[in-house]
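Read through the structure below, which is laid out as C-alpha cells, and then see the notes.
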Amino acid sequence: MKSKQELKRYLSSEMERLDFAKKSIEAYQIWLVKLQEHYPRKDLKKLSFEEIKAFIEHHIKKGRASASGINIACHAVVLLYNRLWGHDYDFTGINRPQCKRLRIESLSQDEIIKLIDSTTNSKQKAVIALTYSSGLDLAEVTHLRLTDVDLIRDNLKIRDKNGKLKRVSILSNQAKNILNVHIEENEPSRYLFEGYKQGFKYSDRSVQRMFNQTAARAGIKRKLTFKVLKYSYIVHLEELGVPLRTTLHELGLKSSNTLDFFSEAIAKGNNKVSFSPLDKILHEPKLEYPVNLAHLEESIQLVNSKDEREYLQESLICIKSNSLRAGIIFAWNAAVVNIRKKCFSHGKVTLTQAIQKHYEKAPTISNLDDLANIKDSTLILAFQGLGHVDKGEKDALVECLNLRNKCGHPSQYRPKSFKAMSFLEELLTIVFNKQ
C-alpha cells in the first residue's frame with residue numbers, strides 16, 4: 001500500500017465489512033495515514049512493534065493529541081496489525097494517557113415531568129417522552145422508522161445507523177399515548193420523527209436545539225445535552241430499585257467499564273447524608289414476610305433450569321432487601337422463559353396456531369427466539385389454550401403481568417412486601433411447580 005488513498009480505501013472496505021461506524025472509520029484512517037507518513041520510506045505492513053510504539057509515544061510527548069485521540073490511535077493499530085494483518089503485537093505495553101471521565105448529568109423525576117409538560121408541540125413532546133421512557137440515544141431516536149414501533153406488542157425495535165437491529169425496548173403506556181397524538185396530528189410517512197420535509201428524518205441538530213429550548217421553558221438553567229434523558233432513565237431506574245447491571249444489560253451496555261462508570265457517578269451523586277436513621281426507623285415501612293420463606297427457597301431450588309433458578313434467586317434477594325419492584329421483574333422474566341419453552345415443546349405449527357387464535361397477525365414461530373416478539377399477554381392465552389393452565393390460573397397470570405408492568409417503568413408506584421412475596425409464590429405454584 002504505497003499511497004494514502006490506497007490505504008484509506010483498504011481501511012474503509014475492511015471496516016465496513018466489520019460493521020464499524022462511519023465516524024470510527026474516518027478517525028482510524030486519520031491516525032493510520034499519520035503512521036504511514038511518519039515512516040514514508042518503509043512498508044507499513046512490515047513495521048515492527050517498536051516502530052509503532054515509537055510513533056505513538058512521539059505523539060504523546062508532543063502533547064498535541066488528546067488522551068482520547070491517543071486511545072483511538074492505539075485501537076487503530078490493533079485493528080490493522082493484529083486483526084486484519086494477523087500480527088500478534090502486545091499493544092498493552094504502550095502506556096497511554098488516562099482519559100478524564102465525563103461527569104454524568106441527570107435530571108430529577110420532577111424535572112422530567114416539567115420537561116414533558118413544557119411543550120404543546122405533539123412531536124417535540126413525543127420525542128422527549130419516548131427518549132426518556134426507553135433510555136434512547138439521540139441517533140436511536142432520529143433513526144426510528146414507523147415500522148419499528150409496535151403499538152400492539154408495546155415495543156420498539158432499536159437499530160443502529162446502518163439499520164441493523166440492536167435491541168427491542170419496551171414502549172411505556174404513557175409514551176404510547178403521547179406518541180399516538182403525534183402520529184395522528186403529524187402523519188409521518190417514513191421516519192417516526194420527521195423534519196419539515198416529509199419522509200426525511202428529524203435532524204440531530206434540530207432535536208438538540210428543540211431540547212435546549214424546552215429545558216429553558218421548564219426552568220432548567222443547567223447546560224445539558226440530549227444525552228441527559230438516557231442518563232436520567234438509568235439513574236431513575238436504579239433509584240426505583242432496578243439493579244444497575246440489569247438496566248445496562250437491557251440497553252446493550254455490557255462492559256465492566258460502563259458499569260464502573262455509572263456506579264461511580266451514581267455513588268458521587270449520593271455522597272451526602274440526606275436523612276436521619278431515626279426517620280427511617282420510625283417512618284419507613286417495615287418489610288414483613290407473611291409467606292413461608294423457607295418453603296419459597298426450597299421451591300426455587302427444585303426449578304430444573306439453571307438460568308430460571310438464578311432469576312428466581314435474584315428475585316428473592318431483591319425482595320428481602322426491599323427492592324420489591326426489581327424482585328417482581330426478575331421473577332416475571334424467569335416465568336416468561338419457562339412459559340415460552342413449554343409452549344414451544346408443542347411444535348412450531350401447533351404453537352403458531354395457538355398464538356394466531358388470539359392474534360391473527362402473529363408471524364409463524366420458527367424457533368424459540370421468535371417468541372420474544374409475542375406479547376406476554378398473548379403468550380398467556382396460548383399457554384392456556386395448549387392446556388398448561390386452566391382459566392383461573394390464566395387469570396392469576398394476567399394479574400401478575402399487570403403488576404410486573406406497573407413495576408417496569410419509573411413511577412411513584414410502590415408495591416407492598418406482601419404483594420411481592422405473593423407474586424413470587426403465585427408464579428412458583430402456577431408455572432414452575434408443574435415441571
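Computed from a predicted structure; not experimentally measured.
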Y231 side chain reached by T225 side chain, heavy atoms, under 4.5 Å: no
Check against side-chain contact (heavy atoms from CB on, under 4.5 Å), L424 and L428: CA-CA 6 Å; L424 179 55; L428 284 166; 4.1 Å; yes
Value rounded to 0.5 Å, distance of CD1 in I25 from CG in L18: 9.0 Å
Q313, CD atom: more than 12 neighbouring heavy atoms under 6.0 Å: yes
Partners meeting side chain to side chain contact (heavy atoms under 4.5 Å, CB included) with V33 (sequence neighbours left out): K4, L7, K8, E37
E399 vs F423 side-chain heavy atoms within contact, under 4.5 Å: no
Nearest heavy-atom neighbours spanning I328 and P415: CD1-CG, 4.0 Å
Test log, rule side-chain contact (heavy atoms from CB on, under 4.5 Å), inputs Y202 and Q124: CA-CA 10 Å; Y202 205 2; Q124 295 175 359; 4.1 Å; yes
Flag, side chain of N155 to backbone of V149, donor-acceptor distance under 3.5 Å: no
Ring-ring centroid check H75 W31, cutoff 6.0 Å: no
Check against side-chain contact (heavy atoms from CB on, under 4.5 Å), I178 and S122: CA-CA 7 Å; I178 295 171; S122 59; over 6 Å; no
Residue pairs, two or more places apart or on separate chains, that pass salt bridge (Lys or Arg N to Asp or Glu O under 4.0 Å) and touch residues 171-196: D154-K176
Geometric class of the H236/Y132 ring pair [parallel <30°, tilted 30-60°, perpendicular >60°]: perpendicular
Side-chain donor or acceptor of D90 paired with backbone N/O of T92 under 3.5 Å: yes
Which residues share a ring-ring contact (aromatic ring centres under 6.0 Å, His included) with F193, sequence neighbours left out: H182
Set of residues satisfying side chain to side chain contact (heavy atoms under 4.5 Å, CB included) with respect to F200, sequence neighbours excluded: K197
Minimum side-chain heavy-atom gap C343-L379 below 4.5 Å: yes
Test side-chain contact (heavy atoms from CB on, under 4.5 Å) applied to T214 and I116, D117, I128, the passing residue: I128
Atom of W85, atom of K45 and distance for their closest heavy-atom approach: CZ3-CA, 3.3 Å
Heavy-atom check, side chain of L351 versus side chain of L371, under 4.5 Å: yes
Stepwise side-chain hydrogen bond (donor to acceptor under 3.5 Å, both in side chains) test for N338 and K342: CA-CA 6 Å; N338 186 286; K342 286 176 179 174; 3.1 Å; yes
Heavy-atom check, side chain of K419 versus side chain of L403, under 4.5 Å: yes
For C407 against I329, the heavy-atom pair lying closest together: O-CD1, 3.4 Å
L251 vs Y233 side-chain heavy atoms within contact, under 4.5 Å: yes
Nearest non-hydrogen partners of I374 and R153, listed with the distance: CA-NE, 3.9 Å
Check: K348 main-chain N/O paired with T352 side-chain donor or acceptor under 3.5 Å: yes
Centroid separation F55 to Y39 less than 6.0 Å: no
Pairs touching residues 357-384 that satisfy side chain to side chain donor-acceptor pair (under 3.5 Å), sequence neighbours left out: W332-D376
Single hit among L47, I94, I56, N82 for side-chain contact (heavy atoms from CB on, under 4.5 Å) with V77: I56
Any donor-acceptor N or O pair under 3.5 Å, side chains N121, T119: no
By side chain to side chain contact (heavy atoms under 4.5 Å, CB included) - contacts of I220 (at least two apart): L107, E111, L115, A215, A218, R222, L224
Min side-chain heavy-atom separation Y10-L84 under 4.5 Å: yes
By salt bridge (Lys or Arg N to Asp or Glu O under 4.0 Å) - contacts of E14 (at least two apart): R17
Whether F226 and F211 hold their rings parallel, tilted or perpendicular, with breakpoints at 30° and 60°: perpendicular
Whether over 12 other heavy atoms sit under 6.0 Å from K164 NZ: no
Side chain to side chain contact (heavy atoms under 4.5 Å, CB included) involving K341 - partner list, sequence neighbours excluded: S305, E308, V337, L368
Non-neighbouring partners of E310 that pass salt bridge (Lys or Arg N to Asp or Glu O under 4.0 Å), sequence neighbours left out: K306
Under 3.5 Å donor-acceptor, S106 side chain and S232 backbone: no
Crowding at NZ, K34 (>12 non-hydrogen neighbours, <6.0 Å): yes
Point-to-point distance, once rounded to the nearest 0.5 Å, from CD of Q36 to CD of E6: 8.5 Å
Review item, side-chain donor-acceptor pairs of residues 134-143, under 3.5 Å, at least two apart:
residue	atom	partner	partner atom	Å
S134	OG	S169	OG	3.4
S134	OG	I170	O	3.1
D137	OD1	K227	NZ	2.8
D137	OD1	K230	NZ	3.2
D137	OD2	K230	NZ	3.1
E140	OE1	D137	N	2.8
E140	OE1	R167	NH2	3.4
E140	OE2	K166	NZ	2.6
T142	OG1	L138	O	3.3
T142	OG1	A139	O	3.3
T142	OG1	D204	OD1	3.1
H143	ND1	A139	O	2.9

Flag if over 12 foreign heavy atoms under 6.0 Å of NZ, K394: yes
Those residues that, when tested against R340, pass salt bridge (Lys or Arg N to Asp or Glu O under 4.0 Å) (two or more places apart): none
Q29 versus S12, closest heavy-atom pair with distance: NE2-CB, 3.7 Å
For S315 against G327, the heavy-atom pair lying closest together: OG-O, 2.7 Å
Point-to-point distance, once rounded to the nearest 0.5 Å, from CG of N212 to CZ of R217: 11.0 Å
Contact check, side chains of L165 and I158, non-hydrogen atoms, under 4.5 Å: no
Between F49 and F91, ring centroids under 6.0 Å: yes
Residues forming a salt bridge (Lys or Arg N to Asp or Glu O under 4.0 Å) with D148, sequence neighbours excluded: R159
